[in-house]
Peer 1: 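For reference, the structure I am asking about is given below.
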Protein chains: 2
Amino acid sequence: MAQQGDGVRRAPLSRERVLRAGVALADEVGIAAVSMRRLAQELGVVPMALYKHVANKDELLDGMVDVVIGEFEPPDPDLDWKAAVRRRVLSARRAVLRHPWARQAIESRTRRTPAVLGYMDAVAGTFRAGGFSADLTHHVMHALGNRIWGFSPELFDEPRGAESPAPSPEEQQAREAEFAQRYPHVLEIAVAATQGDLSGVGGGCDEQFEFEFALDLLLDGVDRLREQGWTSRAARSAVAPG
Amino acid sequence: MAQQGDGVRRAPLSRERVLRAGVALADEVGIAAVSMRRLAQELGVVPMALYKHVANKDELLDGMVDVVIGEFEPPDPDLDWKAAVRRRVLSARRAVLRHPWARQAIESRTRRTPAVLGYMDAVAGTFRAGGFSADLTHHVMHALGNRIWGFSPELFDEPRGAESPAPSPEEQQAREAEFAQRYPHVLEIAVAATQGDLSGVGGGCDEQFEFEFALDLLLDGVDRLREQGWTSRAARSAVAPG
DNA sequence: ACGCTAGGTGTACGGCGTACACCCGTCAAG
DNA sequence: CTTGACGGGTGTACGCCGTACACCTAGCGT
């Protein structure tokens, strides 16, 4: 604990503290604004001090991802495989939504840290326990892809940052008309998504619903394959050209 | 064309030329090594010259993505919807595989450039023409997510960069043993994927097969929904808690 | 009392994106 | 033929970044 009391003696750094501060900082200012210097400042410390706890910035980011993964909650072990996977994935989703930078961070890094492997192992184990062959489990993990992490790319999400603030009503209207002509189908599905309310296309889209839609589509699909005793060998030969 | 001949007079820059050079450079050295300075050097020009053709680096990257999208081939218009989507997506995949940095770039930017919108519109239009409601089309687009771009996250891909080069045979074996104990299911599916050849887990995984597996799973799933006259309204109310 | 070590410090380097002032070749108008 | 505007390449400079390397110091086991 070191002698305190002589003014403002700060708690000692540690890898743990550095990573947590990194997560907190990214939550506040976005991942792009997280730099070693900024993080050090936040911790009341000189930049190089961080390097005693993380090897470099890449490892910092990996560690921050691990912190988020640590927030995933394991599901009730009594659930059947489908419910268990669903719960686990939706818990992952909640964690990722709490840390909006995490999606990007998880997508961009491919380091297989113990936390990453542990999570993948848990998901794979759930399929195996549910009667999936290792073969099918493997393909299912691939098919779920990002969805395992609780997110999927948002096709229609808001353009970031401020744009031209007020494009004048008639210009706005002209722009919409051109859009309708050039991208009729995009417009159409945007309308379907918002039930007619077009203020900010994409803003009215229920991401959670979309996510569960796709997740269940995949889970139901693979359930069917499992029931049918699907194997990749059979699939390959069925498809193989004469 | 300006007078040439007096030695090595270079062709004038243009937005087109800048973007193409950016693509070529990224192909060669990876997206991380593409900087305004490096790109300028490649073009035999001072860095600031680029800013006469692209507003900033972000716009450069958006433009480079557009170049890749421009390589996507539209499918034969006589194909039915499923085959048409499949062809279009697999063509997108080929383009993205030609430019390995593109996946990352597409994932990380959310700008809706005309090229992006045009592509989305074409895909959505194919579903609509195939008898999908705008509603279902919307959800299907979401469900396909990244897959529309011809890629999906590679769960198991190689760690990048060189690591500790030779970890000594017995240490290697100890490491594998620990791995097997800690991540049994990951190991199991890795074995299934490589049919027993564990040299470089993940190296032996047939990405193309995985991709088509997931794509067809989704396409067949949504085909079923379409046949059943699925609507999101019905789905929501069927699931809504009493 | 002594030296080891873990951990925080200070300085410095090379690279980045890009703001801003400049300059020069081309070409239309006078 | 002169002129002046303008599109596009140049040069300099600023403030950020990650991090190598040498250093210092407090606390501890001996």
Peer 1: With sequence neighbours excluded, tell me which residues meet salt bridge (Lys or Arg N to Asp or Glu O under 4.0 Å) with B/Glu212.
Peer 2: B/Arg86
Peer 1: Report, one line per pair, each donor and acceptor closer than 3.5 Å where one atom sits in a side chain of residues 113-121 of chain A; sequence neighbours left out.
Peer 2:
residue, atom, partner, partner atom, Å
A/Thr113, OG1, A/Asp66, OD1, 2.7
A/Thr113, OG1, A/Asp66, OD2, 3.3
A/Thr113, OG1, A/Val116, N, 3.3
A/Tyr119, OH, A/Ile148, O, 2.8
A/Asp121, OD1, B/His185, N, 2.7
A/Asp121, OD1, B/Val186, N, 2.9
A/Asp121, OD2, B/His185, ND1, 3.4

Peer 1: Tell me every residue that passes salt bridge (Lys or Arg N to Asp or Glu O under 4.0 Å) with B/Arg182, counting only those two or more places apart in sequence or in another chain.
Peer 2: B/Glu178
Peer 1: Just how far, in rounded Å, is P of D/dG8 from CG of B/Leu43?
Peer 2: 15 Å
Peer 1: Check salt bridge (Lys or Arg N to Asp or Glu O under 4.0 Å) between B/Arg87 and all other residues, then give those that pass, not counting sequence neighbours.
Peer 2: none
Peer 1: Scan the side chains in residues 28-37 of chain A for donor-acceptor partners under 3.5 Å anywhere in the protein, sequence neighbours excluded, and list what turns up.
Peer 2:
residue, atom, partner, partner atom, Å
A/Ser35, OG, A/Arg38, N, 3.0

Peer 1: Salt bridge or not between A/Asp27 and A/Arg98? Use side-chain N to carboxylate O under 4.0 Å.
Peer 2: no
Peer 1: Within the pair B/His53 and D/dG7, is there a side-chain N or O less than 4.0 Å away from OP1 or OP2?
Peer 2: no
Peer 1: In this structure, how many angstroms lie between the C1' atom of D/dG18 and the NZ atom of A/Lys52, rounded?
Peer 2: 16 Å
Peer 1: Between A/Leu13 (CG) and D/dA26 (C1'), how many Å, whole number?
Peer 2: 16 Å
Peer 1: Just by protein heavy atoms under 4.0 Å, how would nucleotides 10-19 of chain C read 5' to 3' in B, S and -?
Peer 2: BBB---BBBB
